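Working notes, structure below.
The model shown is predicted, which means the values in this text are computed figures rather than measured ones.
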Protein chains: 2
Amino acid sequence: MSKTGRRDVDLPGAFAALALSPEDIIHEAAGIPSTQVSRKRDIIVAGEHCETVFINHAGWLFRYKILHNGNRQILDFILPGQVFGLQACLFESSLYSIATITDVSLSMIPLDMIERMAERSPELVKALFRSATCEAAILGEHLIDASRRSARERIGHLLLELFLRLKSAGLVEGMSFEMPLTQELISDAVGLTTVHVNRTLRSLRDAKLIAIDGSNVTILDFEALSRLCGFENGYLGEAARKHPTGMNPPRRATADD
Amino acid sequence: MSKTGRRDVDLPGAFAALALSPEDIIHEAAGIPSTQVSRKRDIIVAGEHCETVFINHAGWLFRYKILHNGNRQILDFILPGQVFGLQACLFESSLYSIATITDVSLSMIPLDMIERMAERSPELVKALFRSATCEAAILGEHLIDASRRSARERIGHLLLELFLRLKSAGLVEGMSFEMPLTQELISDAVGLTTVHVNRTLRSLRDAKLIAIDGSNVTILDFEALSRLCGFENGYLGEAARKHPTGMNPPRRATADD
DNA sequence: CGCGGCATTGAGGCATATCAATGGTCGTGG
DNA sequence: CCACGACCATTGATATGCCTCAATGCCGCG
């Protein structure tokens, strides 16, 4: 149900293929030296054009936008193994900015090189397409997060998402992972106040669902956390199948069925 | 600055290319008869696979997902001229459902036909890519809506977005357009209660920003509405042109400082 | 004529925002 | 080694925007 057909990981479809590091690209771009960028630097600035596609080998980045009132909305986090920057290439000017959180190691691939490669390899095209689609899927999840979930749900969901994505990248140890995010970054990602993020994290800790030690996060009770924030394992299909024809499902079934 | 390079419409980059109806496809698929579907029908159901790409010629649809608690989140609306269903093709199973709001007229194009055409036409590939990217951009805007904007802002933003998208499809008359949405659909799209949507619409009407007569919506004061909901005029190209190097204001210059 | 879908309005409660202050940690310079 | 400032986490008190529950009205349709 949640297979992507390519990397058969046991993850919700949305995440499985995103971190897909198109080996084709990486291999092909082997000649390109990787670039080091230090933390808190802008890589792509909204409004500027860009002719480069990036591959992130190590470190965290995030995609964001500054709103008219000065608020910052973080659209998603970019983890190791991810490709980014295609959107900026396709538009005259990038819609969003991308900045580093930690020190990162990147490959910068000129757009025309991608194009040349794409002509020879339909596989590559599909891989890129899939990656773009996955990005959209994650955005969709975040949209649901922001508009329909409570603070606990949003943060729990974010933690689970990061855990699973890092897991698929082989970057977790047991149930723990490194999360180099300040509470301010989290708040800008989930659309809450730093104050409230703090309180919510505390309440999750008090509930023994997670543990936090510095930047190290441990999921203490995966099951309970998933339940709490509606991270349905295999969330595709279940609800939909119950209402095969109906777009008018018993929505607002106030009580959870 | 907000041009897409293809259809030089005076619209925010995000919308400009979305309604791009790849003439290539339409022309090529001329042999395919268009199908009529009546209102309130599911076209694609989340969790099922799909081997067809659709072009919407007339009518409104929407992409949605039912959450575990029975809530329905609407991700976006699909207007005339739009292509949809590619995501469902790329995943083993579709992440979202798509249903009609009004009666619609669709072209259904088998995936393998798309693939064959794509091999011959890099242009088509680019067009599809651009369309997918635009979809993601709209999702991004909706994400910002939901997480950072007030009720008035969200609804104002939705109305402006629909207005501009319909305008680019030639479906507005002056400042008015037909909006076949119930308040419940609106509430599921912007993440509010129907009750609150109702109150907010009233307050927008009282403020003489919009007028509503049945399903006919009129933007009375485009400027004021844009300002109200942070629909940066810059977005429309104006301010963007004023800040040729960047649409992002001078705040928060580097990631976070 | 009655019923179902949709819009509208009121009253009260809760989750999150806002404002304000404190404490801990780390790097840096004296 | 200590003093200091920058940055981040934490906590309390209060305000408010949106939700929830509940009721009424309107209109089209069988």
B:R39 backbone acceptor or donor facing B:D103 side chain under 3.5 Å: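 Between the backbone of B:R39 and the side chain of B:D103 there is a qualifying donor-acceptor contact (under 3.5 Å).
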
Exam field: side chain B:S94 to backbone B:Y96, donor-acceptor pair closer than 3.5 Å: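 Yes; at least one donor-acceptor contact below 3.5 Å.
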
Nearest whole angstrom, please: distance from the [atom2] of [N] to the [atom1] of [X].
| X | N | atom1 | atom2 | answer |
| --- | --- | --- | --- | --- |
| A:L201 | D:dT11 | CG | P | 11 Å |
| B:R154 | D:dG17 | CZ | P | 13 Å |
| B:L185 | C:dA7 | CG | P | 9 Å |

Would you say a side-chain N or O of [X] is under 4.0 Å from OP1 or OP2 of [N]?
| X | N | answer |
| --- | --- | --- |
| B:N198 | C:dT8 | yes |
| A:R148 | D:dC18 | no |
| A:R199 | C:dT16 | no |
| A:T193 | C:dA17 | yes |

Within the 4.0 Å heavy-atom criterion, would you say [X] contacts the bases, only the backbone, or no part of the nucleic acid?
| X | result |
| --- | --- |
| B:R149 | nothing |
| A:S150 | sugar-phosphate |
| B:G214 | nothing |
| A:L192 | sugar-phosphate |

Parallel, tilted or perpendicular: ring planes of B:F62 versus B:F77, cut at 30 and 60 degrees: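 Rings of B:F62 and B:F77: tilted, as their planes differ by 30° to 60°.
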
Mutual orientation of the aromatic rings belonging to B:F54 and B:F84 [parallel < 30°, tilted 30-60°, perpendicular > 60°]: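 Judged by the thresholds at 30° and 60°, the geometry between B:F54 and B:F84 is parallel.
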
Of the listed nucleotides C:dC6, C:dT16, D:dT11, the one nearest the side chain of A:A151: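 Side chain of A:A151 sits closest to C:dT16.
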
Closest nucleotide among D:dC8, C:dT8, C:dT9 to the B:R205 side chain: C:dT8

5′-ward residue of the pair A:H196/B:T200 relative to DNA chain D: A:H196

Atom CE of A:M175 with >12 non-hydrogen neighbours under 6.0 angstrom: yes

